[in-house]
Amino acid sequence: MDEALPSSLQQSIGHILIVDDEPFNRELLHAILKNQGHETTGAENGKRALELIESLPVDVVLLDVMMPSLDGFQVCRILKGNARTAHIPVILVTSLSGRKDRLMGMEAGANDFLTKPVDIQEVLLRVRNAIYAKRLYDRLQESYEKLKELESLRDKLTHMLVHDMRSPLAGIHGYLEMIRLHGQMNRNPKIQRFADQALHSTSSLIEMVSSILDVSRLEEDKMPLNSAPADLVDVTRQAIQSLTGSKNECRISLECPHESVQVLCDGEIMRRVITNLLANALKFSEETTEVTVGIEKHPEEVKVRVSDHGPGIPEEHLPMIFEKYGQAHLRSRRQKYSTGLGLTFCKLALEAHNGRIGVHTEVGRGSTFWFTLPT
Ligand SMILES: Nc1ncnc2c1ncn2[C@@H]1O[C@H](COP(=O)(O)OP(=O)(O)OP(=O)(O)O)[C@@H](O)[C@H]1O
Ligand SMILES: [Mg+2]
């Protein structure tokens, strides 16, 4: 049967912390484990065990239950309650084989049990399995750390590249304006049309570059907020107007109170948040359908909703849409220049304002993105 097991399981050798107030019990376990090639350290009580685990690379804790002052359950609970030690497997060694003690051990977070008097083969197998589980966890943790490092590297690289793209893009944009003007003066509609299209593409690129930089500034808390009392109805009207260039504006309807809705916020950032939500609603739904923006006043907050009759978002995609570069739908031609940063910007901007953002969505029926700001 052993042949089917991975060799890494069979070769699981590690450092074991033996916690028992009886010297004889410690010596016995020490001898059994040493003989198999494990390294061991003994602790005569719970307090000493908690001290040792801070400085030693412990893979498994063999923990006696009945000890004076801190008993095994208490030690186990402390180990499992500490993020630094929670992943270290704890095997409770108890002379009481009663169901109640096992339940209490499980409740305290113990990973496995041994009953005294211990059986040598059982000790070795349980310790081996615990070490194997710990090694798997360690490997996972290592991959996670590596992934985080890579992500940070990617962010730094993107940031550098994007930052350096801004000036040349602004230059291209300026020259294209001049070409368009030239076409206008020389009555050359072809040149004008080409310049218009190139200008449109450059503007999209400039916007992408700005969102990438804004998101990283917000992440690092380096985005200065110009907070001042602002009327959210006004801000929303400006957002709608900023989308007027497209043929979409007639699709947007605004539902808001008659009086002004004052909140302390950075009006320009809030305008961009609403513009992002509206742009998504317009982009992802059919051109014949309506998009609604609603503003509601509540006693302690203001709520803004942006609803569409688009495709909705499948539940499995929801966790990623507020993440950087997270996109739930395959890119279509309409999304040529989209990065998946719009909602990340909204989320970070609202966090900076102590607000909240969320979505109610139903596949095939539509989505309502909402956010709140404290008043
Ligand atoms: N109203 C909506 N209806 C359906 N899906 C949506 C809606 N809003 C957002 N999504 C989904 O969430 C994803 C992330 O949205 P986000 O605004 O962050 O990125 P994007 O619109 O793809 O790109 P960008 O905003 O950078 O141009 C979208 O790609 C889309 O899959
Ligand atoms: Mg978007």
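What you are looking at is a predicted structure, and each value in this text was computed from that prediction instead of being measured. For ligands, and for the atoms within them, numbers begin at 1 and follow the listed sequence.
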Practice task
Mark up the atoms of ligand 1 that fall under 4.0 Å of a heavy atom belonging to Gly342, in ascending order.
Solution key: 16 (P), 17 (O), 18 (O), 24 (P), 25 (O), 26 (O)
Exercise for the section: Please check if any side-chain donor atom of His30 sits under 3.5 Å from a side-chain acceptor atom of Thr40, or the reverse. Expected result: yes
Practice task
Run the salt-bridge test on Arg26 and Glu44 with the 4.0 Å N-O cut-off and return the result as yes or no.
Solution key: no
Exercise for the section: Could you list the atoms of ligand 1 found under 4.0 angstrom from a heavy atom of Leu343? Expected result: 9 (C), 12 (O), 14 (C), 15 (O), 16 (P), 17 (O), 18 (O)
Completion exercise
Of Asp59, Ile53, Val58, the one forming a side chain to side chain contact (heavy atoms under 4.5 Å, CB included) with Leu56 is Val58
Fill in the blank from the handout: So the atoms of ligand 1 within less than 4.0 Å of a heavy atom of Gly340 turn out to be 18 (O), 19 (O), 20 (P), 22 (O), 23 (O), 24 (P), 26 (O)
Practice task
Determine, using heavy atoms of Ser367 and all atoms of ligand 1, whether some pair is separated by less than 4.0 Å.
Solution key: yes
Practice task
Report, as yes or no, whether the 6.0 Å neighbourhood of atom CD1 on Ile120 holds more than 12 heavy atoms from other residues, nucleotides or ligands.
Solution key: no
Practice task
Looking only at distances, please establish whether an N/O atom of ligand 1 is found under 3.5 Å from an N/O atom of Phe369.
Solution key: no
Handout entry: ligand 1 to Pro311 polar contact by distance, N or O atoms, under 3.5 Å
Key = no
Practice task
Taking only heavy atoms of Asp308 into account, list the atoms of ligand 1 that are under 4.0 Å away from them.
Solution key: 1 (N), 2 (C), 3 (N)
Problem - Under 3.5 Å donor-acceptor, Asn186 side chain and Asn188 backbone - result: no
Handout entry: Value rounded to 0.5 Å, distance of CG in Asp20 from CE in Met67
Key = 7.5 Å
Practice task
For the Mg ion (ligand 2), count the protein N, O or S atoms found under 2.8 Å away.
Solution key: 1
Problem - Min N/O separation Leu341 to ligand 1 under 3.5 Å - result: yes
Exercise for the section: Check the angle between the aromatic planes of Tyr137 and His87 and answer parallel, tilted or perpendicular using the 30° and 60° thresholds. Expected result: parallel
Handout entry: Residue Arg154 excluded, over 12 heavy atoms near CZ under 6.0 Å
Key = yes
Handout entry: Ile321 reachable from Ile212 in the ILVMFWY side-chain graph, under 4.5 Å edges
Key = yes
Handout entry: Contact check, Lys283 vs ligand 1, heavy-atom distance below 4.0 Å
Key = yes
Handout entry: His309 (side chain) donor-acceptor with Gly366 (main chain) under 3.5 angstrom
Key = no
Practice task
With rounding to the nearest 0.5 Å, note down the distance linking CG in Asp196 to CD in Glu177.
Solution key: 9.5 Å
Practice task
Under 4.0 Å, heavy atoms only, figure out whether ligand 1 is touched by the backbone of Ile313, its side chain, both or neither.
Solution key: side chain
